[in-house]
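What follows is a short report on a single structure.
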Amino acid sequence: MGINIAIDGPAGAGKSTVAKIVSAELGYIYVDTGALYRTIALYITENNISDENIPMEIKKAAVSLKFADGTQRVFLSDRDVTGLIRTPEISMEASRTSAIPAIREYLFGTQQKISRENNVIMDGRDIGTVVLPEADVKIFLTATPEERANRRYKELSEKSDCPGYEEILRDIIERDYNDMNRPVAPLKQAHDAVLVDSTNLTLREVVDTIIKIINQKTGR
């Protein structure tokens with residue numbers, strides 16, 4: 001049984017960026033569960049699958065993760081879709097469809113199998129509450145909606161079709177509401193998770209804070 005680290009939090013809080021750095025520095029495998037849900041959302045979108053047909057059709061999706069030097073790549077069958085799942089449209093579709101029980105059940109086994117076989121840092125919305133409720137360490141990473149929108153805007157600003165800050169902020173607020181109010185596995189802080197608010201912290205400060213928490217709780 002591997003050591004499991006769960007990092008939950010809202011969209012744009014920096015979970016993936018922080019988890020990648022922390023996993024590399026501690027020698028853990030990083031598992032971006034959001035990428036799995038985004039990949040399913042991409043599959044649904046590309047194939048125009050209606051909600052009522054999702055339980056049957058997603059069985060054909062063949063989603064898999066491959067790791068190279070601690071870096072995760074996401075595949076649909078033999079197609080690397082890592083670079084195709086980060087658009088605002090796919091993000092919103094993932095937020096909507098991730099509440100569908102058939103999708104959560106389909107991906108649940110994949111996530112747990114990886115966690116049993118490796119030392120992992122896994123990030124998402126419900127890792128500490130549902131996917132890995134017995135995780136050795138649980139972190140809830142957050143920041144204000146305004147700060148998260150500002151970060152996302154800076155990240156996308158080099159693209160010619162970058163949405164405006166106000167649009168990004170509206171999307172984040174809407175996604176927060178959807179994630180926190182979905183009937184299945186809503187976004188919430190686990191009772192035994194450590195809260196880390198990154199609003200006024202640098203990336204390095206967030207990484208150092210989380211590594212310190214992990215070391216303290218795992219006795220490293």
Under 3.5 Å donor-acceptor, [X] side chain and [Y] backbone:
| X | Y | answer |
| --- | --- | --- |
| Arg148 | Ala11 | yes |
| Asp32 | Gly34 | yes |
| Thr82 | Val74 | yes |
| Glu174 | Asp171 | no |
| Arg182 | Ala185 | yes |
| Ser198 | Val206 | no |

Does the side chain of [X] reach to within under 4.5 Å of the side chain of [Y], using non-hydrogen atoms?
| X | Y | result |
| --- | --- | --- |
| Leu76 | Arg79 | yes |
| Lys60 | Asn47 | no |
| Leu195 | Gln189 | yes |
| Tyr106 | Leu36 | no |
| Val31 | Ser115 | no |
| Ile29 | Ile121 | no |
| Ser77 | Tyr43 | no |
| Thr45 | Ile90 | yes |

Same cluster or not: are [X] and [Y] linked, directly or through other Ile, Leu, Val, Met, Phe, Trp or Tyr residues, by side-chain heavy atoms under 4.5 angstrom apart?
| X | Y | answer |
| --- | --- | --- |
| Phe140 | Val18 | no |
| Val194 | Ile210 | yes |
| Tyr37 | Met92 | no |
| Ile173 | Met180 | no |

For atom [atom1] of [X], decide whether the heavy atoms of other residues, nucleotides or ligands shown that lie under 6.0 angstrom number more than 12.
| X | atom1 | answer |
| --- | --- | --- |
| Glu134 | CD | no |
| Phe108 | CZ | yes |
| Glu46 | CD | yes |
| Asn181 | CG | yes |
| Asp192 | CG | yes |

Taking atom types as modelled, is there a side-chain donor on [X] or [Y] under 3.5 Å from an acceptor on the other?
| X | Y | result |
| --- | --- | --- |
| Ser95 | Asp179 | yes |
| Ser98 | Arg125 | no |
| Arg86 | Ser91 | no |
| Ser50 | Asn53 | yes |

Return the [atom1] to [atom2] distance between [X] and [Y], rounded to the nearest 0.5 Å.
| X | Y | atom1 | atom2 | answer |
| --- | --- | --- | --- | --- |
| Ile139 | Ile214 | CD1 | CD1 | 6.0 Å |
| Thr218 | Ile213 | OG1 | CD1 | 11.5 Å |
| Asp136 | Ile3 | CG | CD1 | 6.0 Å |
| Ile100 | Ile54 | CD1 | CD1 | 3.5 Å |
| Glu147 | Asp197 | CD | CG | 9.5 Å |
| Leu84 | Arg38 | CG | CZ | 12.0 Å |

Pair [X] + [Y], salt bridge at N-O below 4.0 Å:
| X | Y | result |
| --- | --- | --- |
| Lys15 | Asp8 | no |
| Arg96 | Asp51 | yes |
| Glu167 | Arg152 | no |
| Lys138 | Asp123 | no |
| Arg204 | Asp208 | yes |
| Arg151 | Glu155 | no |

Using every non-hydrogen atom in the two residues, find where [X] and [Y] come nearest and quote the distance to one decimal.
| X | Y | result |
| --- | --- | --- |
| Tyr165 | Ala149 | CE1-CB, 3.6 Å |
| Pro145 | Leu169 | O-CD1, 3.5 Å |
| Leu187 | Pro10 | CD2-CA, 3.8 Å |
| Val131 | Met122 | CG1-SD, 4.0 Å |
| Tyr30 | Ser23 | CB-OG, 3.3 Å |
| Leu26 | Ile211 | CD2-CG2, 4.2 Å |

I would like to know whether Asp126 and Lys188 meet salt bridge (charged side-chain N to carboxylate O under 4.0 Å, His left out); could you show each step before the answer? CA-CA 7 Å; Asp126 62 346; Lys188 63 180 179 179; over 6 Å; no
Apply the side-chain contact (heavy atoms from CB on, under 4.5 Å) test between Thr144 and each candidate in Thr199, Ile172, Asn200, Asn150; give the one that qualifies.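 Result: among Thr199, Ile172, Asn200, Asn150, Thr199 is the only option passing the side-chain contact (heavy atoms from CB on, under 4.5 Å) with Thr144.
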Does the side-chain contact (heavy atoms from CB on, under 4.5 Å) test come out yes or no for Thr33 and Leu107, once each step is laid out? CA-CA 9 Å; Thr33 61; Leu107 294 175; over 6 Å; no
Pair Ile58, Ile103 - check side-chain contact (heavy atoms from CB on, under 4.5 Å), show working. CA-CA 7 Å; Ile58 61 169; Ile103 292 177; 4.1 Å; yes
Working note: Asn4 + Arg116, criterion side-chain contact (heavy atoms from CB on, under 4.5 Å); need CA distance, chi angles, decisive distance, verdict. CA-CA 8 Å; Asn4 295 167; Arg116 286 194 301 269; over 6 Å; no
CA sep, side-chain torsions, deciding dist, call: Thr202, Glu205, side-chain contact (heavy atoms from CB on, under 4.5 Å): CA-CA 5 Å; Thr202 66; Glu205 287 172 335; 3.1 Å; yes
Show, in sequence, the C-alpha distance, side-chain angles and deciding distance for Glu117 and Lys113, and conclude whether the salt bridge (charged side-chain N to carboxylate O under 4.0 Å, His left out) test is met. CA-CA 6 Å; Glu117 298 173 351; Lys113 182 176 186 293; 3.1 Å; yes
